[in-house]
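Worksheet: one structure, shown below.
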Protein chains: 2
Amino acid sequence: MGPGPFAILGPLARFVTLPRDHLLIDEDAPAAAVWIVRRGVLRVQRYGADGRRQIMGLFLPGEVTEKLSTDRAGSCVETATAVELCRLDRRAFAEVLAREPGLRRALTQQRLARLGRMRWMIWALGALRPDERICAFLALATRFLPVQPLPDGTLALSVSLPRPDIADLLGTSAETYSRVTHRLQDAEVIEILDPEHFRIRSLDALIRKGCAEQAFWTLPFPDLGGAGMAFDTVVQPV
Amino acid sequence: MGPGPFAILGPLARFVTLPRDHLLIDEDAPAAAVWIVRRGVLRVQRYGADGRRQIMGLFLPGEVTEKLSTDRAGSCVETATAVELCRLDRRAFAEVLAREPGLRRALTQQRLARLGRMRWMIWALGALRPDERICAFLALATRFLPVQPLPDGTLALSVSLPRPDIADLLGTSAETYSRVTHRLQDAEVIEILDPEHFRIRSLDALIRKGCAEQAFWTLPFPDLGGAGMAFDTVVQPV
DNA sequence: CGCGTACTTGACGCTAGTCAAGAATCGTGG
DNA sequence: CCACGATTCTTGACTAGCGTCAAGTACGCG
């Protein structure tokens with residue numbers, strides 16, 4: 001994250017690392033703690049009436065977990081990747097919040113950002129087909145997941161979310177995600193370095209296919225303070 | 001409509017009857033007139049980027065045409081059935097509106113109702129499959145289209161909208177609508193008296209299949225003041 | 001009585017989900 | 001250091017749903 005508005009929480013914070021698929025905030029518990037994401041991704045999920053899991057949104061690095069009032073009951077927050085978090089007592093957080101107008105402002109900003117993304121998801125779910133949603137997701141991912149410019153000018157994108165999570169986020173299946181990415185590779189739009197890493201050969205094509213012109217430029221995402229950090233071990237040797 | 005809040009407009013009103021598929025309010029003209037629906041149905045439509053028509057909502061008997069600010073540009077209002085309307089000069093309407101708080105209240109009520117229905121449509125379009133949407137539509141239609149109780153206790157429903165309009169409203173095709181209604185007849189949920197008239201044998205089954213429990217009871221529709229009037233010529237002889 | 005319109009029905013193809021069987025990768029223990 | 005198992009991703013086969021096209025059928029109107 002670098003020194004952002006949350007740096008002031010330093011003395012109060014307790015740092016934690018957790019593996020993925022770890023339950024953070026339960027369905028209906030009022031959540032005794034507040035978590036700040038430093039690294040990795042959290043997912044907000046619930047199970048639909050048909051037993052199918054829906055991922056309703058993500059918490060990205062720099063963001064603070066919060067139950068929005070728009071989240072219907074029955075949703076919980078889990079880690080979607082290995083994460084590095086910062087735990088704050090709910091009460092302590094509320095106190096700092098009351099003292100620091102800058103923090104309150106930043107938090108409001110975040111809420112707005114999450115609502116914006118949620119609105120886009122709802123639209124995309126209704127208006128786009130699965131393959132288009134996947135294209136849009138990859139395009140937008142360059143704005144909120146770690147990227148690294150490659151020597152040839154193209155972009156390396158690190159999608160560390162597991163397949164089933166991406167599928168449930170986009171309302172499709174892991175198989176379809178796999179098929180579509182490989183089809184995109186055949187069309188020379190992307191290149192699959194390994195299951196989690198793609199070289200984006202034509203961001204434009206992704207944006208076009210995903211009808212994401214608008215969204216790409218206007219959707220609010222947290223700053224990628226430590227952009228590229230996920231590449232330390234993986235893409236460097238390329 | 002019977003004597004509702006709009007009766008006071010009597011002296012200003014000019015009554016008109018129009019055939020169906022008649023353009024009432026053009027895409028971007030500021031609309032010099034306001035129309036009150038007395039009988040029949042108007043449709044708000046626009047053409048999507050792919051050339052496919054979408055019907056975004058209906059104006060039902062008792063309602064006043066208005067461009068909601070949420071209607072994106074490019075939408076127009078046409079008659080979906082033969083209609084009986086009441087035309088009012090925009091200016092005259094505005095003046096009466098300013099004088100009559102009751103009218104303003106009624107209008108606000110209507111806007112709320114239309115927004116509610118639109119929200120439901122958006123949800124249904126995203127969450128339900130075509131056949132489920134058709135079931136929900138038939139169930140809800142008993143709340144806003146002419147119905148008549150039959151001697152045996154079941155309900156006769158008059159759906160005077162043409163097939164393509166229903167299809168474009170529900171985001172499906174006329175063929176699918178036809179197939180689904182006939183399938184419902186085989187399942188003894190409804191009985192098709194003629195293409196526009198159905199006997200509802202199990203409203204419950206329709207509501208269940210359309211996941212419309214909630215919507216059926218809470219969605220706001222205008223009062224069916226003249227319920228049954230469309231049956232004068234058709235169902236009476238049964 | 002014939003024509004036009006609206007609805008129905010059948011045939012066909014595409015999309016995408018599900019199931020199941022491979023392939024690749026990683027971590028663990030011998 | 002290698003082998004084994006567990007996990008994750010990929011791939012193929014199959015199927016349901018639904019849209020489209022086209023050919024029928026019914027009905028009303030001149």
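Because only heavy atoms are used, hydrogens play no part in the values below, and waters and symmetry mates are left out as well, while side chains stay in. A, B, ... follow the sequence lines: proteins, then strands. Residue 1 opens every chain.
- If you measure from atom CG of Asp194(A) to atom C1' of dC26(C), you get 13 Å, rounded to the nearest angstrom.
- Checked by atom type, the side-chain pair Glu78(A)/Gln45(A) shows a donor-acceptor distance below 3.5 Å.
- Nucleotide dA24(C) holds its C1' atom 15 Å from the NE2 atom of His197(A), rounded to whole Å.
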Candidate pair Thr172(B) and Ile166(B), rule side chain to side chain contact (heavy atoms under 4.5 Å, CB included), full reasoning: CA-CA 8 Å; Thr172(B) 181; Ile166(B) 302 174; over 6 Å; no

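- For the pair Arg163(B) and dT5(C), the criterion of a side-chain N or O lying under 4.0 Å from OP1 or OP2 is not met.
- Listed nucleotides: dT10(D), dC7(C), dC18(D). Nearest to the side chain of Pro130(B): dC18(D).
- Using a 4.0 Å heavy-atom distance criterion, Arg52(B) is classed as a sugar-phosphate-only contact.
- Per the geometry, CG belonging to Asp165(B) stands 11 Å off P belonging to dA6(C), to the nearest Å.
- Interface remark: the Glu175(A) side chain does form a donor-acceptor pair with the dC19(C) base, using a distance-only criterion of under 3.5 Å.
- Contacts of Asp152(A) classified as side chain to side chain donor-acceptor pair (under 3.5 Å), with partners at least two apart in sequence or in another chain: Thr154(A), Arg199(A).
- Classification of Asp165(A) and Arg53(A) as a salt-bridged pair holds, one side-chain N sitting under 4.0 Å from a carboxylate O.
- For Tyr177(A), there are no ring-ring contact (aromatic ring centres under 6.0 Å, His included) partners at least two apart in sequence or on another chain.
- Side-chain N/O atoms of Thr176(A) include one lying less than 4.0 angstrom from OP1 or OP2 on dG17(C).
- Backbone-only engagement by Arg20(B) is indicated by non-hydrogen atom pairs under 4.0 Å involving sugar-phosphate atoms exclusively.
- What you find for Cys76(A) and Asp26(A) is that their closest heavy atoms are CB-C, 4.1 Å.
- Glu196(A) has its CD atom 17 Å from the P atom of dT7(D), to the nearest Å.
- Ile192(B) places its CD1 atom 18 Å from the P atom of dT25(D), with the value rounded to the nearest Å.
- At whole-Å resolution of the value, CG in Asp131(A) and C1' in dG17(C) are 14 Å apart.
- Spacing between atom CD1 of Ile166(A) and atom C1' of dC9(D) amounts to 11 Å, rounded to whole angstrom units.
- Taking every heavy atom of residues 178-188 of chain A and every atom of DNA chain D, pairs under 4.0 Å involve Ser178(A), Arg179(A), His182(A), by number.
- Nucleotide dC7(C) holds its P atom 10 Å from the OH atom of Tyr177(B), rounded to whole Å.
- Not one side-chain nitrogen or oxygen of Ser173(A) sits closer than 4.0 Å to the OP1 or OP2 atom of dT18(C).
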Check against side chain to side chain contact (heavy atoms under 4.5 Å, CB included), Leu24(B) and Trp35(B): CA-CA 9 Å; Leu24(B) 267 186; Trp35(B) 302 90; 3.5 Å; yes

